[in-house]
Protein chains: 2
Amino acid sequence: MKALPFVRVLTPCDRCAVRKTSLCNRVNVGLQKELAKLSHHRTYRNGETVLAEMEATSFVGIVVSGVLRMQKSLEDGRQQLVGLLFQSDFFGRVFGGLSDYAIEAASDVTLCCYERRAFERLTERFPELEHQLMLSTLNELDAARNWMLLLGCQTTPERIASFFLILCRRSGADGWTPGASLSIHVPISRRDVASYLGTTGETISRVIHEMTRKGIIKIRNASDFDVLNKRQLVTMSGRDDLAIRPPTAAHSGSASSF
Amino acid sequence: MKALPFVRVLTPCDRCAVRKTSLCNRVNVGLQKELAKLSHHRTYRNGETVLAEMEATSFVGIVVSGVLRMQKSLEDGRQQLVGLLFQSDFFGRVFGGLSDYAIEAASDVTLCCYERRAFERLTERFPELEHQLMLSTLNELDAARNWMLLLGCQTTPERIASFFLILCRRSGADGWTPGASLSIHVPISRRDVASYLGTTGETISRVIHEMTRKGIIKIRNASDFDVLNKRQLVTMSGRDDLAIRPPTAAHSGSASSF
DNA sequence: TGTCGTCTTTGTCCTGAATCAAATTGAGAT
DNA sequence: ATCTCAATTTGATTCAGGACAAAGACGACA
């Protein structure tokens, strides 16, 4: 990896909204250009399916704007949301054909896509690319196991409090400010939250109003809240680990704490 | 990657019980020798901790014999088993210091270990090694999400039936033999099964005996069963996807369907 | 500004599965 | 063989939270 002469490479990517934070900014310039050549944008409306469950993955990519949900379903229609993908997160199942879950637009979205096979060939030429993928996959795995803990042994109020804490963290509420109030936005529907937390919309509604009664939060509208008392929220969640920032920013991967 | 002259490289690894099926057999001979130089064995007794939750990962490796459990816990002591590792499975968190979960011996185990940093340096020199890791990490991620579905929206009897089906699959019960009976062995304690399935020992006991009453299984002893009626077991699990072998063996990675 | 359709909230009921407690079985040690 | 301790089973009770139903709020669109 020798030093490159200073030349400004102007591709559409330079104007990309997620350039700064996404995978493609963490690799060398040569690879960036290759990626740029391969990329194309796609847009989906809220609710549309990007890749169906058990469908062969024809492309992978990065979320430019909006939110994607990954979800699995049972024959009888029950559904579980197994992950959310935000701006600059990588999506799609590389190396191995069919994705185990559906990817759907949880809002209107714009995606920066790469044809899957071409992308995989690129990882062969550039181990660096595979390494970045590896890092974010490991983070996703940690997140998934964290969610198993939540689904497997927390009560519904605890799950909801945990979810709110994660939202706080995402809102860039750095540090620990016990007294301060913080407004957070829930970027997905009540139904999706319910499916994510393994509960029902009705129960969420009840718990949220109970939290209001206790002065932990204030409801602005169906998807915006003020957190009035973080300490209580942490107590309610039963999880000290969610009170603080991710251990070290050492995991240089993507967000995926979700 | 040029052809190598035919020389028989005899290292201790050649006698290794898991040689045929583990990661180290899926890489080229040069790398195999490097790995062999780095490896050392460790043994743990049932119940001992291999790596504690939030402890810096000093080594990674492969399970030679026995079963490891990965588990997370809440401050108040509740625990969730987030994965099991069997013979020839890779364990340990590479790239990023602390592991999010504890790794404990669920039986007496023998592990083939590599000092973590040295192993990571090897992945830099041999992208092939990182690729193999990537494949098994992706499989683990799929498995984790599959488990989220189980924990998030299946009933307890469904979970137990699903668990039994997975055990059937592991027992090498290939193909779909509706009538045949198959004996399976549960390699972990009732308590671990309960923690894995997000339920309690008592409930498991009740459900298992109910299954016996219905003629779905026969209890040999606390950890051995005969499956008498797979079709009913599948019906009970509510999951057709567990009835068949993993989609294609295309995921050339490790088992990890667990 | 009114109407429609969807999303959310509230009320009531009821069941699945956790909890607590006691009896039983089993495996290892002496 | 028998004792001991732990693991499992069985029983009784309780309640968290799911299901169903109906009312209310909100946003889209004309």
What distance separates B:R206 CZ from B:T199 OG1, expressed to the nearest 0.5 Å? 9.5 Å
Kindly say if B:T200 contacts the phosphate of C:dA18, meaning a side-chain N or O under 4.0 Å from OP1 or OP2. yes
Closest-nucleotide mapping onto DNA chain D: is A:T203 or A:N221 further toward the 5' terminus? I mean the 5' end. A:T203
Nucleotide nearest A:T156 when distance is taken to its side chain, options D:dG17, C:dA17, C:dT10: D:dG17
From CZ of A:R159 over to C1' of D:dA16, roughly how many Å is that when rounded to an integer? 11 Å
Below 4.0 Å: OP1/OP2 of D:dG17 and any side-chain N or O of A:T199: no
In whole angstrom, give the distance that lies between atom CD of B:Q154 and atom C1' of D:dG18. 16 Å
Quick one: pull up CD1 in B:I217 and CG in B:L182 and give me the separation to the nearest 0.5 Å. 12.0 Å
B:I204 atom CD1 is separated from D:dA7 atom P, nearest whole Å, by 15 Å
By the ring pair (Phe, Tyr, Trp, His ring centres under 6.0 Å) test, which pairs, at least two apart or in different chains, include something from residues 57-79 of chain A? none
For atom CD1 of B:I219 and atom C1' of D:dT9, their distance in whole Å: 10 Å
Kindly say if A:S205 contacts the phosphate of C:dT8, meaning a side-chain N or O under 4.0 Å from OP1 or OP2. no
Could you verify whether a donor N or O on one side chain and an acceptor N or O on the other, from B:S73 and B:E53, lie under 3.5 Å apart? yes
Taking only the side-chain heavy atoms of A:H209 (C-beta and beyond), determine which of C:dT10, C:dT19, D:dT8 contains the nearest atom. C:dT10
Picking from D:dA21, C:dA21, C:dA17, the nucleotide nearest the side-chain atoms of B:E202 would be C:dA21
Please check this pair: side chain of A:E104 against backbone of A:E48, looking for a donor-acceptor N/O pair closer than 3.5 Å. no
Rounded to whole angstrom units, what separation is found between the CZ atom of B:R213 and the P atom of D:dT10? 13 Å
Between A:R190 and C:dT9, is there a side-chain N or O to OP1/OP2 distance below 4.0 Å? yes
For atom CG of B:L197 and atom P of C:dA17, their distance in whole Å: 12 Å
Inter-end axis angle, the helix from C:dT1-D:dA30 to C:dT30-D:dA1, with every axis fitted to five base pairs (rounded, 10 degrees): 50°
To the nearest Å, how far apart are A:N46 CG and D:dA28 P? 11 Å
Whole Å only: how far is the CD1 atom of B:I160 from the P atom of D:dT8? 14 Å
Side chains of A:M70 and A:R93: closer than 4.5 Å at any heavy-atom pair? no
Would you indicate which nucleotide in D:dA19, D:dG17, C:dT19 comes nearest to any side-chain atom of A:R206? D:dA19
State whether the side chain of B:Q154 and the backbone N or O of B:S237 hold a donor-acceptor pair below 3.5 Å, judged by distance alone. yes
